[in-house]
2 protein chains.
Amino acid sequence: MARAGVTAERLTEAAAELADEVGLENLTVSELARRFGVKDASLYSHIRNAHELRVRVAGLALAELADLAAAALAGRAGKDALVAFAGTYRDYAREHPGRYTAMQVDLDPDTEAAGAARRHSDMTRAILRGYSLAEPDQTDAVRLLGSVFHGFVSLEMAGGFRHHPRAADESWSRMLDTIDVALRNWPAERAEPDASHG
Amino acid sequence: MARAGVTAERLTEAAAELADEVGLENLTVSELARRFGVKDASLYSHIRNAHELRVRVAGLALAELADLAAAALAGRAGKDALVAFAGTYRDYAREHPGRYTAMQVDLDPDTEAAGAARRHSDMTRAILRGYSLAEPDQTDAVRLLGSVFHGFVSLEMAGGFRHHPRAADESWSRMLDTIDVALRNWPAERAEPDASHG
DNA sequence: AGCTTTTACCTAGGAGTCCTAGGAAGAGAA
DNA sequence: TTCTCTTCCTAGGACTCCTAGGTAAAAGCT
């Protein structure tokens, strides 16, 4: 009887694929074993439990997406970089919904997955170099960008924009226009009401 | 033997409570039955399946939150309304993480839960009355607000802001300042690159 | 009050998943 | 070739979801 050649890496990769197909909540150890032509119990020498499987998928996704975002960012600056970076997130979520969902799991700080998470915030900071924001505004802006990207993608995935004729693509690009303007007009510590601009 | 007096409503309420305690992913029919002092099979005369339980929790949360938001909105306008509305979302997510997570489930359009979802977007539109935006910009702005609120709350819940000294509260209020400014300076159809402002 | 109808809850059980314990067989090293 | 390590196995317990069919309590009717 030849062996199936299961390793933690191949397992993680296959788990990511499976999660994209059936949704993260339907990612099961049993089905994964079935795809490797192996009994479910056999997988527990490679992974500790089902939760670890999800954490591994999260780590994979975080690293993959960081690579894609880095590539998209190369040679771009300012709004150009903003749009490219944001587009990478949205495209990744559309192509890999299971992996994207996995990224939201609560991972402990000192794993390599947390390192990938750090790359994301570093890249977001890099985008902000085009907008000259000092701390602590920079951190606030990083969080704003993260919120906007993730929020839109998350709502779109959940079907929140499906029941209105306005195309999500349009709203997406107008939102990025708005954020671009907002970053250039970053308000001072106390923002005075000022309607004279529009 | 006295009956436990289970109804779909009491079940949904208890399910929401349970989800808040142990997380939506750990909401099980069995545990719910246990809390009612009843066998799990007995619950299936009240609910169709475990998924319907989650959908019901989503509907409950959507309606609850809509009521809270409406109350917060009463008598406020402009940025005041924006901040109050946003705060209601964040507070609700902190107090009811299970219910909040449930709201993200993909619910079909013609249930009463979808009606509650509609109330949310209507209220968001109401906030925008203070910023005089015409369609289709208004829809884009509704989606921007939804993205920003949900994105921040979601990342905060996932622990995304825990490993940085800057307090999430600060970032939150600065984000709302920024969004307020952005809504007042809503860009025209084609935003020209313009770095002369900062 | 007695009768019927409804329904809340039950027992029994199958199917699926997660995970542990301990054993057997393949693959590489001595 | 034999020893050792690792991969994969069988067996099985605990839990969850859900169905089918039965019993008893409540509610409605005469």
Side-chain angles (χ1 to χ4, degrees), chain A residues 1-60 97-99 101-102 104-108, chain B residues 1-60 97-99 101-102 104-108:
Chain A
M1 200 66 144
R3 297 196 178 182
V6 177
T7 66
E9 282 68 32
R10 289 189 60 200
L11 221 47
T12 306
E13 181 63 48
E17 214 119 312
L18 179 55
D20 285 339
E21 289 173 31
V22 302
L24 185 71
E25 73 280 5
N26 296 119
L27 167 61
T28 85
V29 176
S30 317
E31 175 60 26
L32 199 55
R34 231 167 274 132
R35 298 202 169 191
F36 275 91
V38 150
K39 299 292 172 184
D40 60 344
S42 304
L43 297 191
Y44 289 91
S45 26
H46 303 284
I47 53 160
R48 274 230 302 272
N49 50 39
H51 181 252
E52 195 193 85
L53 201 59
R54 278 153 227 263
V55 171
R56 279 176 181 277
V57 172
L60 173 71
R99 296 174 214 224
T101 307
Q104 257 62 53
V105 304
D106 201 348
L107 23 84
D108 32 338
Chain B
M1 199 65 142
R3 298 194 179 186
V6 177
T7 66
E9 283 67 33
R10 287 189 60 200
L11 221 46
T12 306
E13 181 63 47
E17 214 119 315
L18 179 55
D20 285 339
E21 289 174 29
V22 301
L24 186 71
E25 73 281 4
N26 296 117
L27 167 62
T28 88
V29 176
S30 317
E31 175 60 28
L32 200 55
R34 231 167 276 132
R35 297 202 169 191
F36 276 91
V38 150
K39 299 291 172 184
D40 59 345
S42 305
L43 297 191
Y44 289 91
S45 28
H46 303 283
I47 53 161
R48 273 232 299 275
N49 50 39
H51 181 252
E52 195 191 86
L53 200 60
R54 277 153 228 265
V55 171
R56 278 175 183 279
V57 172
L60 173 72
R99 295 174 214 223
T101 307
Q104 257 62 53
V105 304
D106 200 348
L107 24 84
D108 33 338

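Each chain gets a letter, A, B and so on, in the order its sequence line appears, and its residues count up from 1.
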When all nucleic acid strands are considered with a 4.0 Å heavy-atom cut-off, which category describes B:T28: base, sugar-phosphate, or nothing?
sugar-phosphate
Quick one: label B:N49 by what it contacts on the DNA or RNA (base, sugar-phosphate, nothing), any heavy atom closer than 4.0 Å.
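Sugar-phosphate contact only - B:N49 comes under 4.0 Å of backbone atoms but never of a base.
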[N] [atom2] sits how many Å from [X] [atom1], rounded?
{"X": "A:K39", "N": "D:dT7", "atom1": "NZ", "atom2": "P", "value": "19 Å"}
{"X": "A:D40", "N": "D:dG13", "atom1": "CG", "atom2": "P", "value": "16 Å"}
{"X": "A:Y44", "N": "D:dA14", "atom1": "OH", "atom2": "C1'", "value": "13 Å"}
{"X": "A:L11", "N": "D:dT7", "atom1": "CG", "atom2": "C1'", "value": "13 Å"}
{"X": "A:L53", "N": "C:dC18", "atom1": "CG", "atom2": "P", "value": "9 Å"}
{"X": "A:L43", "N": "D:dC8", "atom1": "CG", "atom2": "P", "value": "9 Å"}
{"X": "A:I47", "N": "C:dC18", "atom1": "CD1", "atom2": "P", "value": "9 Å"}
{"X": "A:E31", "N": "C:dC19", "atom1": "CD", "atom2": "P", "value": "16 Å"}

Return the nearest nucleotide to the side chain of B:R34; candidates are C:dC9, D:dT16, D:dT19.
D:dT16
Of the listed nucleotides C:dC19, D:dC17, D:dT19, the one nearest the side chain of B:A41:
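That would be D:dT19.
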Just do the salt bridge (charged side-chain N to carboxylate O under 4.0 Å, His left out) check on B:R54 and A:E25 with the steps written out, would you?
CA-CA 13 Å; B:R54 277 153 228 265; A:E25 73 280 5; over 6 Å; no
Phosphate contact ([N] OP1 or OP2) by [X] side-chain N/O below 4.0 Å:
{"X": "A:H46", "N": "D:dC8", "answer": "yes"}
{"X": "B:S30", "N": "D:dC17", "answer": "yes"}
{"X": "A:S45", "N": "D:dT6", "answer": "no"}

Would you check, one step at a time, whether the test side-chain contact (heavy atoms from CB on, under 4.5 Å) holds for B:E13 with B:E9?
CA-CA 6 Å; B:E13 181 63 47; B:E9 283 67 33; over 6 Å; no
Quick check: does any side chain N or O of A:R10 sit under 3.5 Å from a backbone N or O of A:G5, one acting as donor and the other as acceptor?
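Yes; at least one donor-acceptor contact below 3.5 Å.
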Can you tell if the side chain of B:R56 reaches within under 4.5 Å of the side chain of B:H51, non-hydrogen atoms only?
no
Note, B:K39 side chain near B:R34 side chain (heavy atom, < 4.5 Å)
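They are not in side-chain contact.
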